[in-house]
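Worksheet for the structure shown next.
Computed from a predicted model, the values in this text were never measured in an experiment.
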Amino acid sequence: LYNDEGQVQRFFPNRFLRDPLVPAARPLELPGAMKFQLVASEHGRPETVACFATPKEVLAALPEAVRGVDFEPLQVSSLEDVHRAFVASGGAAVASYTMNVR
């Protein structure tokens with residue numbers, strides 16, 4: 001998530017669902033049954049939600065600045081920094097999707 005304060009945060013995987021594997025037969029619902037909320041900017045400023053997927057687990061291989069702590073600001077300046085880290089850790093087979101939220 002790139003929030004309205006210019007911070008990047010990771011909200012999945014997280015302390016409520018640590019396994020990043022999302023089987024095709026069981027789509028991931030966010031927040032679903034997990035005990036957190038996704039709340040859009042109260043100031044009406046745009047935010048961006050991004051999803052990065054790889055065929056193999058790469059979370060442990062990501063730099064600490066990108067892995068960080070769930071729900072806390074990461075030490076990166078953009079979602080592009082996160083994408084580059086996924087490519088470096090997961091190879092060329094990185095799928096991504098972004099959605100702007102207003």
> Using the ring of each side chain (for Trp, its six-membered ring), is F52 parallel, tilted or perpendicular to H83, with breaks at 30° and 60°?
Replying inline: tilted
How many angstroms lie between atom [atom1] of [X] and atom [atom2] of [Y], to the nearest 0.5 angstrom?
X	Y	atom1	atom2	answer
T54	F86	OG1	CZ	6.5 Å
H43	D4	NE2	CG	5.5 Å
S89	R67	OG	CZ	9.0 Å

Pairs under 3.5 angstrom only: tabulate donor-acceptor contacts from the side chains of residues 18-39 to other protein residues two or more places apart or in another chain.
from	atom 1	to	atom 2	distance (Å)
D19	OD1	L21	N	3.0

> Taking D70 for the side chain and R15 for the main chain, is one N or O donor matched with an acceptor at less than 3.5 Å?
Replying inline: yes
>> Is it the case that the side chain of Q9 and the backbone of N3 share a donor-acceptor pair, with hydrogens and angles ignored and the cut-off at 3.5 Å?
In response: no
> What side-chain hydrogen bond (donor to acceptor under 3.5 Å, both in side chains) pairs are there with at least one residue in residues 93-102, not counting sequence neighbours?
Replying inline: T48-N100
Taking side chain as C-beta onward, heavy atoms only, is [X] less than 4.5 Å from [Y]?
X	Y	answer
V8	L1	no
L59	P13	yes
F12	L17	yes

>> To check you understand the geometry: which heavy-atom pair defines the closest contact between A65 and V76, and what is its length?
In response: O-CG1, 3.8 Å
Is it the case that one hydrophobic cluster holds both [X] and [Y], taking links as side-chain heavy atoms less than 4.5 Å apart, direct or via other members?
X	Y	answer
V58	L79	yes
Y2	F11	no
V82	V49	no

> Who passes side chain to side chain donor-acceptor pair (under 3.5 Å) against E72, sequence neighbours left out?
Replying inline: none
> Any chance CD of E42 has more than 12 other-residue heavy atoms, nucleotides or ligands included, within less than 6.0 Å?
Replying inline: no
>> Are more than 12 heavy atoms, taken from residues, nucleotides or ligands other than Q7, located less than 6.0 Å from that residue's CD atom?
In response: yes
